[in-house]
Amino acid sequence: ASAFDAVLPALILPSPQGGEMALGLVTSTAGVAMLVGSLMATFMKRPKDRVRVIYLTMLVSLSMENFLLAFTRIPALWCLGQLIGWLPVPIMNANLDVILRASIPVEMQGRVYSCRNTLQFFTIPVGFFLGGLLVDKVCEPLMAQAHPGGLLKRMFGAGKGSGAAMVMFFLGVAGTLICLVFGQVLKKYRYDKV
């Protein structure tokens, strides 16, 4: 998520259809999606399988949003990507929280949450660093040297921002693969349904 946050402005700001207004609209759409997703999580019925809900919400979020942003140059589709990507996040978070609170003894929850948060928040600056590094030092120079009629230009566009589109694509592939592998692990091993 933090790599995504680092790459998003590099994708939208230099785009001919983008700019500051488009970036504001796209990021506002993410905020609205989170608000609506929070309301949905509040009023949803208790799912039969919370782990499966986590898996499916992240699969939808990580695949659809990143690919829409990587392959389109239309602000309305960027907003749709943000809506699809951020709407399920509160649902995922609510189900994860229920699993943790229901399966960890109360006297251990402080330590477990502390450890979890340390690992989770430690990755934020790492993600920002890697997202920026991949855009500036790897993908933008690669796209600048790509053949004008080649596959890379057809997939990710030309000019500034095309390298950011390539990074979005890689984030989408990585997120989708992680979710698919996790889904196979779910099928292979039994777990308690909370």
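Both L13 and L171 belong to a single network of hydrophobic side chains, linked directly or stepwise wherever heavy atoms of I, L, V, M, F, W or Y lie under 4.5 Å apart. At a threshold of 4.5 Å between side-chain heavy atoms, the hydrophobic network of Ile, Leu, Val, Met, Phe, Trp and Tyr places L180 and V51 in one connected group. Cluster annotation: L11 and M166 are assigned to distinct hydrophobic clusters (Ile/Leu/Val/Met/Phe/Trp/Tyr, side-chain heavy-atom contacts under 4.5 Å, transitive). The hydrophobic cluster containing L83 does not contain V89, counting ILVMFWY residues as joined when their side-chain heavy atoms lie under 4.5 angstrom apart, directly or transitively. Linking Ile, Leu, Val, Met, Phe, Trp and Tyr residues whenever their side-chain heavy atoms come within less than 4.5 Å places L96 and L59 in a single cluster.
Under the 3.5 Å distance criterion, the side-chain polar atoms of T176 are left unmatched by any main-chain donor or acceptor of V173.
For the pair G85 and P88, the tightest heavy-atom approach, listed with the atom from each and the gap, is O-CD, 3.7 Å. Scanning all heavy atoms of the two residues, the minimum distance from A6 to P9 falls at O-CD, 3.7 Å. Minimum heavy-atom separation, A41 to A94: CB-CB, 4.2 Å.
For M44, the side-chain contact (heavy atoms from CB on, under 4.5 Å) criterion is met by I91, not counting sequence neighbours. Annotation: side-chain hydrogen bond (donor to acceptor under 3.5 Å, both in side chains) contacts of N66 (sequence neighbours excluded): none. Partners of R154 under the side-chain hydrogen bond (donor to acceptor under 3.5 Å, both in side chains) rule, at least two apart in sequence or in another chain, do not exist in this structure.
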Ignoring hydrogens and angles, write down the donor-acceptor pairs under 3.5 Å from the side chains of residues 128-143, residues two or more places apart or on other chains.
residue : atom : partner : partner atom : Å
E140    : OE2  : G161    : N            : 3.0
E140    : OE2  : G163    : N            : 3.1
E140    : OE2  : A164    : N            : 3.3

Going by atom type alone, with no hydrogens or angles, which donor-acceptor pairs under 3.5 Å involve a side-chain atom of residues 106-114 and a protein atom two or more places apart or on another chain?
residue : atom : partner : partner atom : Å
Q109    : NE2  : R101    : O            : 3.0
Q109    : NE2  : I104    : O            : 3.1
Y113    : OH   : D97     : OD1          : 2.8

Side-chain donor/acceptor pairs under 3.5 Å, residues 25-35, sequence neighbours excluded:
residue : atom : partner : partner atom : Å
T27     : OG1  : L23     : O            : 2.9
T27     : OG1  : G24     : O            : 3.2
S28     : OG   : G24     : O            : 2.7
T29     : OG1  : L25     : O            : 2.8

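The distance from the CD1 atom of I178 to the OG atom of S63 is 12.5 Å, given to the nearest 0.5 Å. Note that CG of L62 is 9.5 Å distant from CZ of F67, once rounded to the nearest 0.5 Å. With rounding to the nearest 0.5 angstrom, the CE atom of M40 is 5.0 Å from the CG atom of L87. For the atom pair CG (L100) and CG (N95), the distance works out to 11.0 Å, reported to the nearest 0.5 Å.
Chaining together hydrophobic side chains whose heavy atoms lie under 4.5 Å apart places V60 alongside M64, L68, I74, L77, L80, I84.
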(request) Take M168 and L8 through the side-chain contact (heavy atoms from CB on, under 4.5 Å) test and state the conclusion after the steps. (result) CA-CA 8 Å; M168 282 290 182; L8 187 65; 4.0 Å; yes
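Other residues, nucleotides and ligands contribute only 12 or fewer heavy atoms inside 6.0 Å of the NZ atom of K160.
Sorted by first and then second residue, the ring pair (Phe, Tyr, Trp, His ring centres under 6.0 Å) pairs with a member in residues 133-165 read F71-F156, F156-F169; sequence neighbours excluded. Here side chain to side chain donor-acceptor pair (under 3.5 Å) pairs that include residues 116-134, with residues two or more places apart or in two chains, are R116-Q120. Residue pairs meeting the side chain to side chain donor-acceptor pair (under 3.5 Å) criterion with at least one member in residues 8-23, sequence neighbours excluded: S15-Q17. Evaluation of the side chain to side chain donor-acceptor pair (under 3.5 Å) test over residues 73-84, restricted to residues two or more places apart or in two chains, returns Q82-W86. Applying the ring pair (Phe, Tyr, Trp, His ring centres under 6.0 Å) rule to pairs touching residues 18-58 yields nothing, sequence neighbours excluded.
The shortest side-chain heavy-atom distance between M58 and F182 does not fall under the 4.5 Å cut-off. The shortest side-chain heavy-atom distance between I99 and I54 falls under the 4.5 Å cut-off.
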